[in-house]
2 protein chains.
Amino acid sequence: MRVTERIEGLRLPRTERRQQILAAAAQAFSETGFHGTSLADVATRVGVSQPGLLHHYPNKQALILAVLGERDDEDSRYLESTFRESDPSVVDWLTALCRRNAHRPELVQLYTVTAAESLDPAHPAHEFFQTRYQRIRTVLAQRIELDQQKGRLDPALDPGGLAAELVALMDGLQLQWLMRPPVDMCALLEQSLQRLVPAGSTTSGNEVREDA
Amino acid sequence: MRVTERIEGLRLPRTERRQQILAAAAQAFSETGFHGTSLADVATRVGVSQPGLLHHYPNKQALILAVLGERDDEDSRYLESTFRESDPSVVDWLTALCRRNAHRPELVQLYTVTAAESLDPAHPAHEFFQTRYQRIRTVLAQRIELDQQKGRLDPALDPGGLAAELVALMDGLQLQWLMRPPVDMCALLEQSLQRLVPAGSTTSGNEVREDA
DNA sequence: GTCTATAAAATGATAGAC
DNA sequence: GTCTATCATTTTATAGAC
């Protein structure tokens with residue numbers, strides 16, 4: 001019986017090994033953050049030596065930036081695809097996003113922990129998160145404005161302010177959802193979102209499908 | 001001209017030195033978190049040797065727990081005093097809390113960074129934050145219920161859920177407030193809170209005074 | 001592409017003098 | 001209460017063999 005074992009020194013194709021490394025690093029960084037994670041820690045998870053790891057990513061900073069960048073790309077692709085197939089309201093869209101996140105605790109924790117750490121200007125992901133939050137707020141504010149024009153959201157609300165507020169709410173709920181006992185992140189978000197919908201308006205009929 | 005200089009080896013009373021250490025440690029931990037902060041780092045800020053630091057707190061874990069505990073006590077005293085002197089509505093109370101926090105970016109960052117880090121079960125403050133969040137939600141839920149009985153808050157809202165939601169909102173706004181460019185944390189919170197107040201109800205007339 | 005060996009620095013903590 | 005000296009580890013990173 002042949003078994004695929006983790007053999008020391010096994011030579012793997014470049015891209016495959018790099019994928020392994022990104023996965024292991026995402027795990028490690030999500031648990032202990034940038035400072036709390038050692039390269040040896042990541043290397044062990046992959047089943048490779050520490051210099052073997054550094055062959056693929058020249059240093060720790062490059063590694064975490066690669067992890068964050070890759071997850072970001074993945075998310076961007078997802079968001080783009082949901083936009084293309086239908087025209088979800090902000091409520092439906094954020095609801096879908098939350099449900100998706102509810103299946104990815106490791107990813108959520110990676111962002112929660114790293115975003116907080118990155119407040120330090122010397123943190124390798126400092127600029128990454130500053131840019132990321134600006135971008136997210138801008139995109140969300142635009143979607144809010146569109147919804148207001150379509151009567152799906154109260155037009156009295158300030159789009160920019162509401163965007164920041166909704167991002168804040170999701171971030172904060174994620175933190176409490178990751179704790180023991182966990183709060184019901186998605187239920188709470190949806191309740192909050194419902195309060196923003198004008199009395200007459202019902203859901204858009206364009207709910208975003210879940211494709212976990 | 002006599003100048004109070006930082007003299008090496010200067011002997012200070014126990015409590016005074018310990019206060020210095022807690023202040024320096026709070027600064028350091030807020031900037032770089034638990035893992036990213038070294039004892040030598042803290043010791044230098046205090047102007048003491050690293051073993052000198054360890055004389056007052058036996059290890060790094062004891063140090064961060066002391067920092068968090070002290071700040072918590074300070075906050076508890078503040079909250080208690082605002083309760084005693086008046087009977088603020090939840091809206092007024094959270095508004096006051098936010099304005100107070102707006103004057104304490106370092107304290108806010110300490111909690112933002114450490115709470116996220118503490119998601120790791122091996123983190124020294126893991127239990128601390130689990131307990132803290134449960135406690136905060138419970139207290140807030142009780143205040144919400146009281147406000148509902150007094151007609152200050154929509155009675156249709158679920159107190160427990162709203163408590164978690166408001167804590168999440170404040171946490172998330174704090175994170176974005178600590179970033180560049182900062183969001184206007186208090187303005188956004190107050191807008192959000194206003195949407196919870198029944199149409200007829202005005203402010204309680206018991207606004208919490210600011211005593212920065 | 002992966003390893004062993006190793007360097008160079010940082011870190012948490014202890015022992016003992018003053 | 002504070003320091004110097006010191007230790008044992010850990011950590012990031014490099015050099016060079018296979």
Side-chain angles (χ1 to χ4, degrees), chain A residues 4-25 27-29 31-67 114 117 120 122-125, chain B residues 4-25 27-29 31-68 114 117 120 122-126:
Chain A
T4 309
E5 272 175 11
R6 184 148 296 184
I7 301 153
E8 303 269 313
L10 175 62
R11 202 187 172 91
L12 249 57
R14 182 173 179 77
T15 54
E16 188 171 343
R17 184 65 91 194
R18 285 174 67 103
Q19 278 307 110
Q20 284 186 341
I21 291 174
L22 287 185
Q27 261 200 309
F29 285 134
E31 287 170 15
T32 44
F34 178 73
H35 295 298
T37 301
S38 72
L39 293 173
D41 182 354
V42 177
T44 303
R45 294 185 197 234
V46 180
V48 81
S49 73
Q50 184 253 23
L53 172 64
L54 283 178
H55 170 73
H56 294 280
Y57 295 94
N59 52 51
K60 206 178 164 187
Q61 165 156 351
L63 181 57
I64 195 172
L65 289 180
V67 169
T114 318
E117 258 190 332
D120 178 12
H123 191 281
Chain B
T4 308
E5 273 176 9
R6 184 148 294 186
I7 299 152
E8 303 272 312
L10 175 62
R11 203 186 171 91
L12 247 58
R14 182 174 178 75
T15 55
E16 188 171 341
R17 185 63 93 192
R18 286 172 67 102
Q19 278 307 112
Q20 284 186 341
I21 290 173
L22 287 185
Q27 261 201 308
F29 286 134
E31 288 170 13
T32 44
F34 178 73
H35 295 298
T37 301
S38 72
L39 293 174
D41 182 355
V42 177
T44 303
R45 292 184 198 234
V46 179
V48 81
S49 73
Q50 184 253 24
L53 172 63
L54 284 177
H55 171 73
H56 294 279
Y57 295 93
N59 53 50
K60 205 178 164 187
Q61 165 157 350
L63 181 58
I64 195 171
L65 288 180
V67 168
L68 292 172
T114 319
E117 257 190 330
D120 178 12
H123 191 282
H126 183 70

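All chains are named by letter (A, B, ...) in the order of the sequence lines, taking the proteins before the strands, and each is independently numbered beginning at 1.
- A:D120 and B:E31 make their closest contact through CB-O, 3.0 Å (heavy atoms, listed as atom of the first residue, atom of the second, distance).
- B:S49 comes within contact range of at least one nucleobase, with a heavy-atom separation under 4.0 Å.
- Regarding A:N59, its CG atom lies at a distance of 20 Å from the P atom of C:dA8, rounded to whole Å.
- One can place CG of B:L39 at 17 Å from C1' of C:dA9, the figure rounded to the nearest angstrom.
- Nucleotide D:dT12 holds its P atom 17 Å from the OH atom of A:Y57, rounded to whole Å.
- One interatomic measurement links the two molecules: CD of B:E16 to P of D:dG1, which rounds to 12 Å at whole-angstrom precision.
- The distance from atom CG of B:L22 to atom CD of B:Q27, rounded to the nearest 0.5 Å, is 12.5 Å.
- The 5' end of DNA chain D is approached more closely, in terms of each residue's nearest nucleotide, by B:R14 than by the other of B:P51 and B:R14.
- Applying the 4.0 Å criterion to OP1 and OP2 of D:dG1, one finds that B:H55 has a side-chain N or O inside that range.
- Rounding to the nearest 0.5 Å gives a distance of 11.0 Å between OG1 of A:T114 and CD of B:E117.
- Straight-line distance from the CG atom of B:L54 to the P atom of D:dT4: 14 Å, rounded to whole Å.
- Atom CD in A:Q20 sits roughly 8 Å away from atom P in C:dT2 (whole-Å rounding).
- Listed nucleotides C:dG1, D:dG1, C:dG12 differ in distance to A:H56; the shortest reach to its side chain belongs to C:dG1.
- The distance from atom NZ of B:K60 to atom C1' of C:dT11 is 8 Å, rounded to the nearest whole Å.
- Using cut-offs of 30° and 60° on the angle between ring planes, the pair B:H123 and B:H35 is perpendicular.
- Ranked by how close their nearest DNA chain D nucleotide is to the 5' end, B:R11 and B:Q50 are led by B:R11.
- Taking atom CG of residue B:L53 and atom P of nucleotide C:dT14, one finds them 13 Å apart after rounding to whole Å.
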